[in-house]
Amino acid sequence: TSDHLRHVQSMATMPSGAGNISHLKAIILGESLASEENDLVFPSDHFSCQAHVSSPQQYLEMYKRSIEDPAGFWSDIASTFFWKQKWGKPVYSENLDIRKGDIRIEWFKGGLTNICYNCLDTNVEAGLGDKIAFYWEGNDLGVDATLTYTQLLYNVCQLANYLKDVGVKKGDAVVVYLPMLMELPITMLACARIGAVHSVVFAGFSAESLAQRIVDCKPKVVITCNAVKRGSKVIHLKDIVDAALIKSSESGISVDVCLTYENQSAMKRESTKWLEGRDVWWQDVIPKYPTTCAVEWVDAEDPLFLLYTSGSTGKPKGVLHTTGGYMVYTATTFKYAFDYKSSDIYWCTADCGWITGHSYVTYGPLLNGATAVLYEGAPNYPDPGRCWDVVDKYKVTIFYTAPTLVRSLMRDSDEYVTRYSRKSLRVLGSVGEPINPSAWRWFFNVVGDSKCPISDTWWQTETGGFMITPLPGAWPQKPGSATFPFFGVQAVIVDEKGVEIEGECNGYLCVKSSWPGAFRTLYGDHERYETTYFKPFPGYYFSGDGCSRDKDGYHWLTGRVDDVINVSGHRIGTAEVESALVSHPQCAEAAVVGIEHEVKGQGIYAFVTLVEGVPYSKELRKSLILAVRKQIGPFAAPDKIHWAPGLPKTRSGKIMRRILRKIASRQLDELGDTTTLAEPNVVDQLIALADV
Ligand code: WTA
């Protein structure tokens with residue numbers, strides 16, 4: 001351990017590098033790490049020795065090259081993939097400065113490739129055909145399945161042939177509303193194989209939200225299953241799709257085919273509602289198709305997928321990722337952040353309906369030829385030991401999850417963890433929200449037996465892959481810090497004027513130049529893309545997150561600084577919840593803020609003004625919550641409805657959320673100046689109703 005520290009300190013002799021990593025140099029390479037040794041958690045020598053990146057020095061050398069010569073750094077890596085035709089020159093081109101014109105990011109333009117081919121065919125050709133690609137663990141104990149790389153390729157080709165047969169062409173969108181069955185990654189890969197653009201909608205979204213996404217991208221085909229079991233509940237997904245398709249047809253969007261997988265363990269086909277002519281059973285058609293399917297070679301900049309995410313205003317944004325850069329970036333981040341080796345068994349608990357499932361269940365692992373576990377069910381079913389049961393069953397070595405799950409499992413007895421061996425584990429990962437140091441320590445000590453580094457990966461739907469993350473063998477870790485930027489990422493912290501701050505500081509997290517995995521636009525709304533991400537701080541990509549940097553250069557994410565709340569790692573726009581509440585006939589106005597929540601990270605706290613004369617009641621509260629569940633999905637249900645005769649507004653009518661946040665968290669002595677309010681007495685009214 002002290003060797004490692006000395007090693008960090010010896011960095012003072014590193015050659016001076018590019019100015020833009022000067023804060024790293026100054027601090028990491030400085031005289032010494034300012035932290036006490038006992039604030040730091042060191043990887044074991046054993047771990048570091050075998051790691052891809054085994055010292056801060058090696059990281060710095062690679063980082064420096066990635067910043068000074070991005071084209072060279074990323075071309076070298078990209079050359080290890082299969083390209084039907086090599087990319088042209090320049091390797092990348094970008095404009096991130098709104099003052100200089102349209103925002104534009106391109107990587108490997110002119111190169112022809114296919115991500116499905118790189119996930120499957122190249123691995124099979126390299127002799128991994130019989131290697132397990134996915135272990136599938138069903139919701140119920142004892143229900144499981146496997147797919148080798150060859151089998152996965154066959155399945156993908158059959159579906160790809162079917163999609164072509166029903167008229168899906170390169171560039172067409174396919175909407176996918178599936179739970180964590182193997183058919184979900186199979187569908188993503190089949191779309192990619194034929195150049196179609198998948199738009200996966202998390203199967204917890206309501207019919208309303210699904211319809212909105214269908215209307216936005218107008219797919220010919222929607223792919224779903226009849227039902228799924230989560231814990232002891234059966235959820236009828238096909239009914240939700242049916243309702244969404246009725247809604248979208250009201251907006252003039254008709255879908256030709258609804259391909260439905262019969263998920264027998266949840267529901268038999270006989271009890272599934274059916275529309276002849278439109279609905280097709282997966283099992284009736286797909287097995288009849290050939291198991292080979294020619295690849296559609298696509299430009300590196302052709303779209304790969306759309307994924308909707310919440311913003312601070314208006315409707316969800318369709319984040320668009322393209323092929324080549326995303327492929328290179330997800331594969332590389334996966335390899336380094338988890339120190340992936342071919343003998344690893346990897347399990348990420350995220351659902352493919354979110355970006356984590358796209359980049360680090362499907363694409364990143366398969367591009368590395370990895371074996372991954374897919375889990376259908378709820379992580380605490382039938383009891384809070386299920387995760388460790390799965391870890392032991394498949395000898396999982398890398399376990400990647402969200403702080404909300406860690407916190408919820410932490411509340412149960414440690415015995416649920418310690419009754420399992422977990423001997424196979426060697427790297428843990430965290431994503432979705434800041435992990436509080438106490439949860440970090442529990443995860444490290446109890447789950448990882450104090451031997452597994454934790455990769456706390458900061459990134460976003462927009463970034464495609466990890467941006468700030470530990471490299472587990474390289475750094476001493478600090479519980480709760482995402483540590484340092486990944487290769488090629490020029491993360492900077494700016495003040496409210498958009499001026500970069502060096503050294504120890506606190507501000508807004510931005511990125512200064514493009515990276516291969518960056519999103520290229522918001523589908524159908526490039527202007528919103530520019531306004532949301534590039535206008536707030538001209539010259540930079542603005543993440544929407546606050547961040548501080550400590551005296552050793554470690555990064556600490558402090559949460560969203562916009563009107564987005566992060567509930568159990570799910571991004572929810574306060575505006576979306578407000579508009580769902582206001583759709584209720586008895587709601588006149590609503591204002592939503594986030595509050596601290598022990599397990600979920602943030603909870604949803606809604607102030608609701610009722611239509612004149614409507615009395616407060618428990619039933620009304622329930623029906624308001626139901627309105628949100630129906631409009632967005634169960635995961636967006638408010639935790640608290642606070643009756644509000646009026647809302648605190650400025651004289652120009654702007655709701656003062658700062659005051660609402662204080663009332664919601666009962667920090668009543670910190671309300672601040674309320675004299676600028678149009679009606680200062682609404683604050684007293686709100687306080688009086690706090691516990692009603
Ligand atoms: C938050 C999920 C702190 C952050 C991959 C970001 C995190 C938003 C971390 C993106 C982390 C994600 N530490 N905060 N390790 N990871 N976040 O688009 O606020 O669903 O802006 O992508 O989650 O959420 P998204």
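Read the numbers this way: they start at 1 and go in the same order the structure lists the ligands and their atoms.
The option from T461, T558, N566 that lies nearest to atom 18 (O) of ligand 1, judged by heavy atoms, is T461. With distances taken over non-hydrogen atoms, the option nearest atom 1 (C) of ligand 1 out of G432, S310, A350 is G432. With Q460, H358, E433, H555 as candidates, the residue nearest to atom 11 (C) of ligand 1 on a non-hydrogen basis is E433.
Q460 and D545 get closest at one heavy-atom pair: NE2-OD2, 3.8 Å. For the pair Q631 and A580, the tightest heavy-atom approach, listed with the atom from each and the gap, is CB-CB, 3.6 Å. What you find for D550 and K478 is that their closest heavy atoms are OD2-NZ, 2.8 Å. Across every non-hydrogen atom of C387 and L405, the tightest pair is SG-CD2, 4.0 Å. Closest approach of C348 and Y360 over heavy atoms only: CB-O, 3.6 Å.
D545 OD2, 3.0 Å is the protein heavy atom nearest to atom 4 (C) of ligand 1. The nearest heavy-atom contact from the protein to atom 24 (O) of ligand 1 is R571 CD, 3.2 Å. Ranking the protein heavy atoms by distance from atom 3 (C) of ligand 1 puts P434 N, 3.1 Å first.
The shortest N or O to N or O distance between S543 and ligand 1 is not under 3.5 Å. Inclusion of T457 in the set of residues having an N or O under 3.5 Å from an N or O of ligand 1 is warranted. Inclusion of R560 in the set of residues having an N or O under 3.5 Å from an N or O of ligand 1 is warranted.
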Between V447 and W442, is the side chain to side chain contact (heavy atoms under 4.5 Å, CB included) condition met? List the steps. CA-CA 7 Å; V447 173; W442 184 83; 3.7 Å; yes
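No close placement of the Y177 and F202 rings is indicated, their centers lying 6.0 Å or farther apart.
A heavy-atom distance below 4.5 Å is not found between the side chains of H321 and R520. When side chains are defined from C-beta on, R549 does not count as touching F484, because their heavy atoms never get closer than 4.5 Å.
Heavy atoms of W459 approach ligand 1 to within less than 4.0 angstrom. A heavy-atom separation below 4.0 Å is not found between A482 and ligand 1.
Short contacts between ligand 1 and D456, defined as distances under 4.0 Å to a heavy atom of the residue, involve ligand atoms 11 (C), 13 (N), 15 (N). Numbered from 1 in the order shown, with element, the atoms of ligand 1 that lie under 4.0 Å from a heavy atom of I355 read 2 (C), 5 (C), 22 (O). Each of the atoms 3 (C) of ligand 1 lies under 4.0 Å from some heavy atom of L557.
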